[in-house]
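Values below: every heavy atom of this structure, side chains too, minus hydrogens, waters and symmetry copies.
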Amino acid sequence: MAASVLKVARLSKCVRHTYSPTLRTLSTSTPLCQGIPGSVWKLGRLNHIAIAVPDMEKATALYRDVLGAQVSDKVPLPEHGVYTVFVELGNTKLELLHPLGEKSPITGFLQKNKSGGMHHICIEVDDISVAIVDLKARNIRTLSAEPRIGAHGKPVMFLHPKDCDGVLVELEQA
């Protein structure tokens with residue numbers, strides 16, 4: 001009995017610190033599209049997070065068989081030098097990337113990161129052409145001169161990671 005009381009006393013000392021959730025408020029600053037006359041594009045939702053994987057079959061099996069997610073078929077995108085598999089998460093997707101061909105940008109990434117890892121994030125925009133003009137006017141570099149058609153059959157543009165806090169950002173037409 002005394003041992004039980006001692007355990008409860010010790011536990012109550014540990015539990016004295018109550019959890020108090022931190023409330024966060026969203027920024028009330030003006031959107032990026034304001035400030036440049038005629039700019040009317042808007043940033044949308046997170047479309048996907050891309051993960052470079054050294055073994056596409058193993059990665060697909062992890063998400064499908066172990067974690068129980070719905071995954072797409074493996075699709076080659078030769079114009080981007082990658083194979084892709086999309087993992088549905090409900091509120092967004094993961095895009096698994098594996099090199100297609102020797103000139104794949106994913107090959108270099110995997111040489112530096114043998115186990116793979118996060119490659120880029122993709123955010124939807126309501127008008128990719130206007131967004132690109134606006135971002136270039138703000139000295140944000142793009143990785144190609146013009147948008148290309150991405151994995152969802154929509155125009156995409158990659159923004160230079162050195163201009164985006166070290167993150168490779170893909171913009172996709174919503």
Enquirer: If we only count heavy atoms from C-beta on, is the Ser104 to Val82 side-chain gap below 4.5 Å?
Expert: yes

Enquirer: Set out, in order, the CA-CA distance, both residues' side-chain angles and the distance that settles side-chain contact (heavy atoms from CB on, under 4.5 Å) for Val156 and Ile149, then state yes or no.
Expert: CA-CA 6 Å; Val156 299; Ile149 299 302; over 6 Å; no

Enquirer: Do Ile132 and Lys136 touch side chain to side chain, with heavy atoms closer than 4.5 Å?
Expert: yes

Enquirer: Is there side-chain contact between Lys58 and Thr60, with at least one heavy-atom pair below 4.5 Å?
Expert: no

Enquirer: Check the orientation of His152 and Phe86. Use parallel for under 30°, tilted for 30 to 60°, and perpendicular for over 60°.
Expert: tilted

Enquirer: Please tell me if the side chains of Val53 and Leu97 come closer than 4.5 Å, counting only heavy atoms from C-beta onward.
Expert: no

Enquirer: Which residues pass the side-chain contact (heavy atoms from CB on, under 4.5 Å) test with Asp127, sequence neighbours left out?
Expert: Trp41, Ser129, Val130

Enquirer: Do Ile128 and Met157 touch side chain to side chain, with heavy atoms closer than 4.5 Å?
Expert: yes

Enquirer: Looking at CD1 of Ile106 and CD of Gln111, how far apart are the two atoms once the value is rounded to the nearest 0.5 Å?
Expert: 11.5 Å

Enquirer: Do you know the tightest heavy-atom contact between Pro54 and Ser115?
Expert: CD-O, 3.6 Å

Enquirer: Determine whether His48 and Leu46 make a side-chain contact, defined as any pair of heavy atoms from C-beta on separated by less than 4.5 Å.
Expert: no

Enquirer: Check side-chain contact (heavy atoms from CB on, under 4.5 Å) between Tyr83 and all other residues, then give those that pass, not counting sequence neighbours.
Expert: Met56, Lys74, Pro76, His98, Leu100

Enquirer: Any side-chain to backbone donor/acceptor pair from Asp55 onto Glu57? Under 3.5 Å, distance only.
Expert: yes

Enquirer: Quick check for you: to the nearest 0.5 Å, what is the distance between Phe109 atom CZ and His120 atom NE2?
Expert: 10.5 Å

Enquirer: Answer yes or no: is there a side-chain heavy-atom contact under 4.5 Å between Leu43 and Val125?
Expert: yes

Enquirer: Is there any salt bridge (charged side-chain N to carboxylate O under 4.0 Å, His left out) pair reaching into residues 91-119, and which pairs are they, with sequence neighbours excluded?
Expert: none

Enquirer: Linking I/L/V/M/F/W/Y whenever any side-chain heavy atoms sit under 4.5 Å apart, do Ile51 and Leu67 land together?
Expert: yes

Enquirer: Looking at Gln173 and Pro155, would you say the former's side chain and the latter's main chain have a donor-acceptor pair under 3.5 Å?
Expert: no

Enquirer: Please round to the nearest 0.5 Å and tell me the distance separating atom CZ of Arg141 and atom CG of Asn139.
Expert: 9.5 Å

Enquirer: Can you sort out the partners of Leu89 under side-chain contact (heavy atoms from CB on, under 4.5 Å), two or more places apart, ordered by chain and number?
Expert: Val87, Asn91, Thr92, Leu94

Enquirer: For residues Glu172 and Cys122, report the shortest heavy-atom separation together with the two atoms involved.
Expert: CB-SG, 3.6 Å

Enquirer: Would you indicate whether the side-chain heavy atoms of Leu159 and Thr142 approach each other to under 4.5 Å?
Expert: yes

Enquirer: State which residues pass salt bridge (Lys or Arg N to Asp or Glu O under 4.0 Å) with Arg148; sequence neighbours excluded, sorted by chain then number.
Expert: none

Enquirer: State whether Lys42 and Asp126 are salt-bridged, where the test is any N-O pair (Lys NZ or Arg NE/NH1/NH2 against Asp/Glu carboxylate O) under 4.0 Å.
Expert: no

Enquirer: Any chance you could measure Leu96, atom CG, to Leu62, atom CG, to the nearest 0.5 Å?
Expert: 9.0 Å

Enquirer: Identify, with sequence neighbours excluded, every residue that meets side-chain contact (heavy atoms from CB on, under 4.5 Å) alongside Val167.
Expert: Ile121, Val169

Enquirer: With side-chain contact (heavy atoms from CB on, under 4.5 Å) as the criterion, how do Leu143 and His160 come out once you've worked through the C-alpha distance, each side chain's angles and the decisive distance to 0.1 Å?
Expert: CA-CA 6 Å; Leu143 298 189; His160 201 293; 3.7 Å; yes

